[in-house]
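Step one of this worksheet: look at the structure below.
Given the structure is predicted, the values throughout are model-derived calculations rather than measurements. The first residue in the sequence is number 1, and the count goes up from there.
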Amino acid sequence: MNPVAYLPQSKRLLEQVSEVIRYKHYSLKTEQAYVYWVRFFVRWCGRGGQMRHPRDMGALEVTQFLTMLANERRVSVSTHNQALSSLLFLYREVLGLDLPWLTELQRPTRPRRIPSVLTTAEVGALLGALDGEMALLAKLLYGTGMRLMEGLRLRIKDVDFDRKVLVVREAKGGKDRVVMLPRSLHDALKVQVRRARAIWAHDREAGVAGVEVPDALSVKYPDLGRRWGWFWVFPAPQLSVDPRSQIERRHHLYEERLQRAIKLAGAAAGIVKPLSVHTLRHSFATHLLQSGTDIRTVQELLGHSDVSTTMIYTHVLKVAAGGTASPLDALTA
């Protein structure tokens, strides 16, 4: 048996998974994914009518499940890894079992792909096909290299107009970092802040619960979520129920709004390359390197732990540059 950091109080397995995830302060998306895979695993193994507890199953069942995902479902490498991580979490962190076979499970290797990158002209066309909040948000992501959720979770206190910087809090890996605030967005972002202020004031008058804040702070300072500095720069137009606390409050903009807008804008701009919100981040990094920015600086702006992750954009530059002549050209010269 492996001692666990937290002993769940619930008797139901899926609720135990959620309890441990929340104790470890994992994100809601991680909780939803892990609960999904544990439920899928238990139901798949009990498809013959005999439901068994994971404690009574082992290497054979886990291996068969992962093999089914790869061969029958043909899931991607990242999905396969997520399913494996969920089961490792179940056995080690929830059930307290760190059995030898767990360390022998092989993770599929994720192939390194050259990311899709837009030219500056294509970025201009894409941003020109957007309007309103979606245009501002897309410009902010391209202009700073932030991930989508980093931009959506931006709070008023983390926008520093005087120093022209944005502070990205609790990014991937739980790290904070500082990025530039593009001068060209200075005025538009101030207008957005004023718009957010009006929504915040309305919520205060209506007695709406404060926005979500980190768990430890919400316990120590119960009123923190109602303070202006903690409000979202991009608040949602409607209130919604927090899936964990069941409290109705103001969330930030829903991520799929920009995702859909980017797809429509890409089609309107005639861009045929694979396109997503993350393409703006790829383009940010590539265009900085193209302009001569040091790769270590780009690494810090992107929040990469290892410079080797940032190095992928140097490969993009090599492909785009077309510096090596084809031998065919020598024949036809």
Subject >> Working for side chain to side chain contact (heavy atoms under 4.5 Å, CB included), residues L148 and H278 >> reply: CA-CA 7 Å; L148 172 58; H278 213 63; over 6 Å; no

Original post:
Judged by modelled atom types alone, do S305 and K175 share a side-chain donor-acceptor pair under 3.5 Å?
Top reply: yes

**OP:** Could you tell me whether R73 atom CZ has more than 12 heavy atoms of other residues or ligands within 6.0 Å of it?
**Re:** no

Original post:
Is any NZ, NE, NH1 or NH2 atom of the basic residue among E122 and K273 found under 4.0 Å from an Asp or Glu carboxylate oxygen of the other?
Top reply: yes

Original post:
Among E93, E31, E15, which one satisfies salt bridge (Lys or Arg N to Asp or Glu O under 4.0 Å) with R22?
Top reply: E31

Subject >> Note, V193 side chain near F161 side chain (heavy atom, < 4.5 Å) >> reply: yes

**OP:** Measure across P182 and G143 and return the closest heavy-atom pair with its distance rounded to 0.1 Å.
**Re:** CG-O, 3.6 Å

Original post:
At their closest point, which heavy atom of S86 faces which heavy atom of A33, and how far apart are they?
Top reply: OG-O, 4.2 Å

Original post:
Taking side chain as C-beta onward, heavy atoms only, is L166 less than 4.5 Å from V178?
Top reply: no

**OP:** Would you tell me whether S240 and H251 have side-chain atoms, one donor and one acceptor, within less than 3.5 Å of each other?
**Re:** no

Original post:
Does atom CD of Q246 have more than 12 heavy-atom neighbours from other groups under 6.0 Å away?
Top reply: yes

Original post:
Is it true that a side-chain atom of R249 and a backbone atom of G210 form a donor plus acceptor pair closer than 3.5 Å?
Top reply: yes

Original post:
Should D187 and K190 count as an ion pair when the cut-off is N to O under 4.0 Å?
Top reply: no

Subject >> V20 and Y26, any side-chain heavy atoms less than 4.5 Å apart >> reply: no

Original post:
Are L280 and I262 side-chain neighbours, meaning at least one heavy-atom pair lies under 4.5 Å?
Top reply: yes

Original post:
Quick one: side chain to side chain contact (heavy atoms under 4.5 Å, CB included) partners of D56, sequence neighbours excluded?
Top reply: H53

**OP:** Decide whether M51 and Y36 are clustered together by the hydrophobic rule: side chain heavy atoms of Ile, Leu, Val, Met, Phe, Trp, Tyr closer than 4.5 Å, transitively.
**Re:** yes

Subject >> Donor-acceptor pair, side chain of S283 and main chain of L118, under 3.5 angstrom >> reply: yes

**OP:** Check step by step if side chain to side chain contact (heavy atoms under 4.5 Å, CB included) holds for V159 and L154.
**Re:** CA-CA 8 Å; V159 180; L154 197 62; 4.0 Å; yes

Original post:
What class does the angle between the rings of W37 and F40 fall in, given that below 30° is parallel, 30 to 60° is tilted and above 60° is perpendicular?
Top reply: parallel

**OP:** Look at atom CE of M180 and say whether more than 12 heavy atoms of other residues, nucleotides or ligands are closer to it than 6.0 Å.
**Re:** yes

Subject >> F41 and F65: CA distance, side-chain angles, deciding distance, ring-ring contact (aromatic ring centres under 6.0 Å, His included) verdict >> reply: CA-CA 7 Å; F41 170 64; F65 178 69; 5.4 Å; yes

Subject >> Side chain proximity check, I271 to L126, heavy atoms < 4.5 angstrom >> reply: yes

Original post:
Is the NZ or CZ atom of R47 positioned over W44's six-membered ring, under 6.0 angstrom from the centre and within 45° of the axis?
Top reply: yes

**OP:** Give a yes/no verdict on a cation-pi contact between R153 and W232, requiring under 6.0 Å between NZ or CZ and the six-membered ring centre and an angle within 45° of the axis.
**Re:** no

Original post:
Do F89 and Y34 have their ring centres less than 6.0 Å from each other?
Top reply: yes

**OP:** State whether the number of non-hydrogen atoms from other residues, nucleotides or ligands found under 6.0 Å of H186 atom NE2 is greater than 12.
**Re:** yes

**OP:** Please name all residues satisfying side chain to side chain contact (heavy atoms under 4.5 Å, CB included) with P243, sequence neighbours left out, ordered by chain then number.
**Re:** L28

**OP:** Flag yes if more than 12 heavy atoms outside Y221 fall under 6.0 Å of its OH atom; otherwise flag no.
**Re:** no

**OP:** Decide yes or no for V233 and I156: does some side-chain heavy atom of the first lie under 4.5 Å from some side-chain heavy atom of the second?
**Re:** yes

Original post:
Out of curiosity, does V165 fall in the hydrophobic cluster containing L301 (side-chain heavy atoms, cut-off under 4.5 Å, transitive links)?
Top reply: no

Original post:
Without hydrogens or angle criteria, can the side chains of S76 and T79 be said to hold a donor-acceptor pair below 3.5 Å?
Top reply: yes

Original post:
Taking side chain as C-beta onward, heavy atoms only, is L140 less than 4.5 Å from F234?
Top reply: yes

Subject >> SB check E150 R177 (cutoff 4.0 Å) >> reply: yes

